[in-house]
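Contents: one structure, followed by commentary.
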Amino acid sequence: MDFAAHLPVLPILLPMAAGATLLLFDERRHSLKAGINIAATALLLVLSIWLLRLVDVAGAPVVHVYRLGDWAPPFGIVLVLDRLSALMVTLTSVLAVASLLFSLARWHKAAPHFHTLFQFLLMGVNGAFLTGDLFNLFVFFEVLLAASYGLMLYGSGTFRVRAGLHYIAINLAASLLFLIGVSLIYGVTGTLNMADLAQRIPEVAPENQGLLAAGSAILGVAFLIKAGMWPLCFWLPTTYMAASAPASALFAILSKVGFYVLLRLSLLLFGAEAGALTGFGSEVLLIGGMATIAFGAFGVLASQSLGRLAGYSLLVSSGTLLAAVGLGDKAAVSGALFYLLTSTLAVSALFLMVELVERAQEPAANLLTVTMEAYGDDVEPEEDEQEEVGVVMPGALAILGICFGLLALLLSGLPPLSGFIGKFALINAIFNPAGLGAQTTGPGGMGWTLTALLILSGLAVLLAMMRTGIRTFWAPLEVIVPRVLVVEIAPVVLLIGICVAMTAQAGNVMRYTDAVADALHHQRLYVGSVLPEAASEAGQAQ
Amino acid sequence: MRNILPYPVLTAALTVVWMLLNSFSLGHLLLGAVVAAGASRAMTALEPSKPRLRRWQLIPWLCGIVLIDIAKSNFAVASVILRRRARSPGFVSIPLELRDQTGLAVLACIVTSTPGTAWVEYDSATGELLIHVLDLVERQEWIDLIKNRYEATLREIFE
Amino acid sequence: MTHAEALPAWAALLTAFLVLVGASLTLIGAIGTLRFRTFFERVHAPTLGTSWGTGAIVLASSLLFSVLGSRLVFPELLIGVFVSITTPVTLMLLARATLYRERSEIASAAAPDLLEDPGDRPT
Amino acid sequence: MLASKSRNLAGIIAGAVALACHVAVWLLYVPVRDNEVVRSVFEWVPSLGLSVSLRLDGFAWLFALLVSGIGVLVVLYARYYMSAEDPVPRFFAFFQAFMGAMLGVVISGNLILLVIFWELTSVTSFLLIGYWHHNQSARDGARMSLTVTAIGGLGLLGGVVVIGHIVGSYDLDRVLASGDLIRGHALYLPALLLVLLGAFTKSAQFPFHFWLPNAMAAPTPVSAYLHSATMVKAGVFLLARLWPVLSGTPEWFTIVGLAGMASLVVGAYLAMFQQDLKGLLAYSTISHLGLITLLLSLGSPLGLVAAIFHIMNHATFKASLFMAAGIIDHETGTRDLRKLSGLFRFMPITGTLAMVASAAMAGVPLLNGFLSKEMFFAEAVETHADSWLDTIAPYAAVLASALAVTYSIRLIHSIFLGAPPESFPRAPHEPPFFMRLPVTLLVIACLVVGIAPGLTIGPYLHIAVTSVLGSATPEYSLAVWHGFNTPLIMSLVALVAGALLYLLIGNYLERSDGPFLLSGIQAQRIFEQVMVTVSWRWARFVETNLGTRRLQPQLRLVVFIAFAAAFLSLFGGVVDLAPISLKGMDWAFTGMWAVGVVCAVAAAYQAKFHRLAALALLGGTGLVTCMTFVWMSAPDLAVTQLVVEIVTSVLILLGLRWLPKRFQGLSEATGPMARLRRLRDLVMAVGAGLGMTIVAYAVMTRPLPQTISDFFLENAYSGGGGRNVVNVILVDFRGFDTLGEITVLGIVALTVFALLRRFRPAPDTVERPEQQRIQRAYDEAHPDRQPGATAVDYLLVPSVIMKWMFPVVIVFSAYLFLRGHDAPGGGFAAGVAMAAGFILQYMAAGTIWVEDRLRILPVTWIGGGLLTALLTGAGAWFFGKPFLTSYAQYVDVPLIGKVPLATASLFDLGVLSLVVGATVLMLIALAHQSVRRLRASRIEEQS
Amino acid sequence: MELTLAIAIGVLTGSGVWLLLRPRTYQVIIGLSLLSYAVNLFIFSMGRLHSGAAAVLDGAGAINPADYADPLPQALVLTAIVIGFATTALFLVVLLASRGLTGSDHVDGREPH
Amino acid sequence: MSATILVWSVTIAQLMLVVAMACNTYRLIRGPRAQDRVLCLDALYVNAMLLVLTFGIRTGSSLYFEAALVISLLGFISTVAFAKFLMRGEVIE
Ligand code: NA
Ligand code: NA
């Protein structure tokens, strides 16, 4: 095996190694720890881009299968690197870079082990994206959740702890559901490997199909909690609002993990060849997704603080994605992925903006937000005074204003940025599921409703952000110029810049997402790559 | 030697434990010795009062009488429970001369392990022991039992 | 129970006897916890199980496996040793705690607000 | 980028850009004149049919000419209009962006691209209208205009998508060629409605007209540009652009016609009553746009000609009027018609220009406004589709014209004529030449076109019209004099009636507070009301009633939905349960579970008031769970569950120290609602329990399918080098799971540690526990006792034993670890056992005592453990194997015999190290709180 | 035995769910513990029940998998136990922190009105 | 013969131990005081350990020995924690 063959496992091992190494150094060595974290995150970004290039080759789709422990699937655990997972890993590392940069200004010193938790979160997220094993997925879910608990509570404070308690309680319940679902599926099918499962599901005896469906449904509920579907999503806005800015910026990917799994599993396990269970749950996703969009839109409008607004806008995007999975056709999936990229980047940037904007609103907040909360009580004031990292931004308010405006465009899906293209791609898919020009009947009632919801939710986001933006940037008589460091605004600009670049390169990105959607609809390809022997046997049998 | 094997008796005992757990073989003797030595070294950190075993040959005898006493007490307490016999529980205070902590610990184990008696309180300043007896017929009998039968032997062993 | 077929009758009988003795003592101890009225009486009850109750069953197990493996196997003895070392610790601590609790309740009957016990109160 | 005061430079750059655009448009005249369509296509998102397709035909050319031309003039004007204090570069930047967007709308050859530019005009106009954002009115106006136009734009997007669905392409050429297809399609009406929503909102057509007057809070150059030539014209541009494909149907005629007519009349009527100069112009704009819309509604080619012509004419005179209004505002400091008077003597040139432009607006002959209005009258009379709408069209046209005359006269009379006022905020005089120049040029254009239309605008209008209509272009004449015909009579009637009306009610208008009859109905207020209701009240209602921020309802939902999902799926299929029989029942096992179940229910019952009891009962259930594992051939599980059980109990007990007492009955809700809630929860609990019972029973009584476990059983020894299959799975087959799992443990330990660093106990637990206080008091009260003697004596004997247990536990832990691969045990159980040994020492001797003697660095143990596991796994790389590939062999050691050596053991050592570190870290961090509190209280005592 | 265990799982689930829906944080943590017992047993039961079956291989040689308890669910339960332990510890500390900061042991950090 | 003797005796012993568990559970639930509960929890542990041993005797397998060993060696730790909590109000001072 040459080195390149080991690439699929590196997005998991690299953060893990970095996180573990960080533990060997004393807590007070902030710069050293930050340095390690920066290096690891940068390396992860490079690596993920490498992976992206590895799978994005013309011709037949490439699926890299990594057999951990050199055990053949379905017995050993496999990692599966295909276009979808490479895309998600790359998105994660981009968010990580942004979030890390932001945290360098002050957050990373607010409490112990920030960098370690940060790297472990990346490990968990990447593992969830890469694994091809249902129980291993659970483990990585737990890794990412555990790290997210840590980052969520990072910095402590009343509001945060209260929200954290809810977040943890609900996710513990979800984890239990996950376990019930996985084990029930194992009890009926006798396997945990996703590809193997895809093979076995059509052959499940009729008297066992009810149990299998029940297991899948329970599993689905667990994912829906994480993906934030109404009415399982109420924890989400509060949690994201309460978490520190870099944490919530990174959390933007977490709800996408739920979406990713739903997308992957519903197409792999309940795709066209799943026998009696074909299309299992897709209606629930569609209707639930639409309900989520509606609820999120109302929530956005009802939000009084920017943080909550950002949280609800995340719900809108979650709902949109779920509904797209519910639609299930290639065009919708491709559009959804495009939308996913842009909305995740934008929401993440918005979460970073929240803190900066709030600093502009409240003079007291201008002085070290962190210290107020984190150092409230302390018997051992061992941390020294915060020192400056980077240079304070001139014209900060103007730049914040521009960024805010661009984010409003991105999140509401108003032209010309990628937010619009994503939404348009989805609407286009609703009207032309087989592609533009292929004559199909118009969308049904669901299609019209979804279209209306997509458009109206964008409007709601626009109204709400306009309200907030006007209140923040236009209304105040005396303008408080917030102390914003370059390292704080740079990640926002970076994320928005990527969205802008995605706008310009929308054709290429869509080509990629089209290819992803196409591959997802050929579950044989996935199964055949993971289980070549089984696939060839099946081929011979036919 | 003292630094490497600070508690030779302990190390030996642990090696025996190891071989009991695994098997009596040469391999496990060596492995057990290594593990036991490591564990003993960990023990030094806790600075236990180092017991001096003066007359260790009394130990088997003590074990023997304790096992028999316990068996008797088992029978007695079982009959108390089963026959719902009238009983007169009560506390007995016993002045002890034994000061060695390990000795006290062994005494406590004996008293408590024996059905019908329970170690309740020991005042280190006065050396006064308070035990609870399930069926307290004759107070002095219990005092004698503890003082003469157990304490005396233990003092011989440890002091 | 294929393993038991190979067992000589005397060993089987002895094992059976020891097992039953141990279990009976333990059961009697447990009944004691039901019958005794106060904690200080009840504290004596479990010692039936932890002394010869355990001892008998441990012996039974040792006997059985020694006979079956035709070599002396005593790892079970460790169980007996550990039980007779650790159980007194708990009982001592519990008894002392109870003594304190009862004393302080009597002592501070005048100040009932101090009487609340930390996690638990009589029902 | 430019410094905020550099208005010359910014103006010059902006002007140059606008001029360059204008010149570029002129350069394209020749091909366009020859009926060529200038195209330029870049691929953007081919799979969505979205391309950057620029398409310049005659109509687009004419519009581009207008947009860029007036753009140049407005930039010139703005250079002088904007104050030196304003951050002008920002203004010009927005302005340029807006102009670009508008040009984009005009030359888009792809409908989606058009929508993109369309929304960009909305956004940039928002920025321009809100430019003076320190004014409340500017903010409100900007917000309203964006709201309305963005709604319309999104509607337009929907319409365009429907059109794209019908046609199969968003390409404008293909769409324009598919008129019959579109009109005949079932989705024609939705498409039409959505497109019209876009057009009407943009062009401020009734009933969406209200945003336009509010947008007058913008700087005047913005108004002059947006509301004459560009923004509002985009709507009618779109109607004309899609005229070939959408018009000609009854739906089109009715909807567009109604909206146009209503706007025409209502706009004119409301314009009369305005006291704000710009407000008057704004309503007049609505009215004129209504006129254009009405023309387009007719569906006749001549109507289209007239519409395009009027678009041009209106742009010129309205732009000049706005600029004039700006000059007046600039010079006098007010725009209130009631305050303005007799300005003509101060600024005769401006006055003259304004009068001419107003006359054009009123439709006075020899000015451009007259010509297009004549055409309008002609069309209004001509077209008959036998509906009430076109029956009243001529009358409405005349009425609106008359009103236009009235407000035009009022404009001139009120501002320039009459007595000069006593005082102005500033002394008025003529503006600088270059500020007046744009007005002059535009008014000249009005005159020239009005006098010699055929020579001036004629050819350009022609190419525009032919590009839309193609071969259907009608014969038309742009002559000033068509003879004494009906339209002329209508014009005369309107002029006379308008003048008479002004004479009649001029004074009333000067004093009125709002429009007669309509003052009560203010569309703006209705809009705001609706916005507040929907976007705030409803939203709040939905958020609070369909959502919750409380935990219990959320958990209830989780449980309920999971149950419902499983239930529905389960009985969607077939579930037949095996018959229940007591044969072969293991009574000891069942008896144990009777105990376990009773403990569980009792724990549930006691958890509120008897925390300690609940914890003990939980321990009982846990014990029975362990026993189950013993009974069912899972010794590893039993061992692990046991050690975890023990450590968890200690952990929770450590936590109980910080939970204050609960008093029974303190907050027990007893109302009927509370009882109902509890009943509901009980039902859910029972339901969930039943569900789990049924599912578990169903699965357990079915034959096990062919599972992947067989492979593990067959290969554990030969491939994994271990006899304990479970352990081989954990460290080898599925070692990756274990790697993740120990990471979880490590993360949680770090989180616990971090959280406890900031721990602030509840006030009622800050003090030492009551027991300690009493015992201390007891010691202090007795002179023969040392302080703390009770505590020392309490632990005197037990702690000796507990200390001696320490090495035993270590040996035991080593035993569990080393055996793990072949027998029950393993790194995890060993790690927890060793941690338990540490905890025991802490309990025996206290934190400070232990830490003076034992240096435990749990974080290092965690990091080291993770790295050990990781490096063991990565070691396989050096042998060209994937991560975690293990190597196992039995090595013959002299004297000892065969010794198993497996890399998996090294991995397991990492697990052990991590588990020790994590467990100790959590427990110790919690235990440290007591020390911390103690230290804190000492500090307090000292200070 | 299947029936016994199935009922046990059901009762543990029911008790756990009941506590999970209670307002006091301590009730919730006890409920979560009970639920994790139930879930662990449930996972375990998915490998079917094998009382007194061999749990450890004798050594090399042909193996009849039917003689052994299904090891995979056991491995899964082990993982679940570890993770359950970790999360219980975390939840405990968070509830303590919440109690400390909000002054209430209600799950919402404040008493309902 | 041997098997029959052993099966019966072990079965009866197990039932006795289970009844013992039930008795202890009764006290565990009823208390009345915390110390009674803790005492019975400890007894419950011992009962369970003995059950494990009898189970080993019954199946002839020594694999369950570790579980019994864990209870005997470490089982008291949680009880110690309970007892310390009752006496001192906190487990680790
Ligand atoms: Na005793
Ligand atoms: Na006037």
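Atoms considered below: every heavy atom in the structure, side chains included; atoms not considered: hydrogens, waters and symmetry mates. Every chain is numbered from 1, with letters handed out A, B, ... down the list of sequences.
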Quick check: D:F736 with A:F135 (ring centres under 6.0 Å apart)? no
Below 6.0 angstrom between ring centroids: does that apply to A:W474 and D:F126? yes
Name the member of A:F424, A:W71, A:F431 that forms the most heavy-atom pairs with chain D at distances under 4.5 Å. A:W71
Partner chain D: residue of A:V204, A:V300, A:L151, A:I421 with the largest heavy-atom pair count (under 4.5 Å): A:I421
Non-hydrogen side-chain atoms of D:R757 and A:H113 separated by less than 4.5 Å: no
If I compare all heavy atoms of D:A562 with all of A:I218, which pair ends up nearest, and what's the gap? O-CG1, 4.2 Å
Structural part of D:L546 lying under 4.5 Å from a heavy atom of chain A: both
Set of residues satisfying ring-ring contact (aromatic ring centres under 6.0 Å, His included) with respect to A:F120, sequence neighbours excluded: none
Closest heavy-atom contact between A:W235 and D:Q554? N-OE1, 3.1 Å
Grab the two heavy atoms, one from D:L551 and one from A:A169, that are nearest each other, plus how far apart they are. CD2-CB, 3.9 Å
Smallest separation among heavy atoms of D:L555 and A:A173, with atom names: CD2-CB, 4.1 Å
Please report the shortest heavy-atom distance between D:W44 and A:A506, naming the atom on each side. NE1-CB, 3.6 Å
For D:P705 against A:Y186, the heavy-atom pair lying closest together: CG-O, 4.5 Å
Under 4.5 Å from a heavy atom of chain A, the part of D:P190 involved: side chain
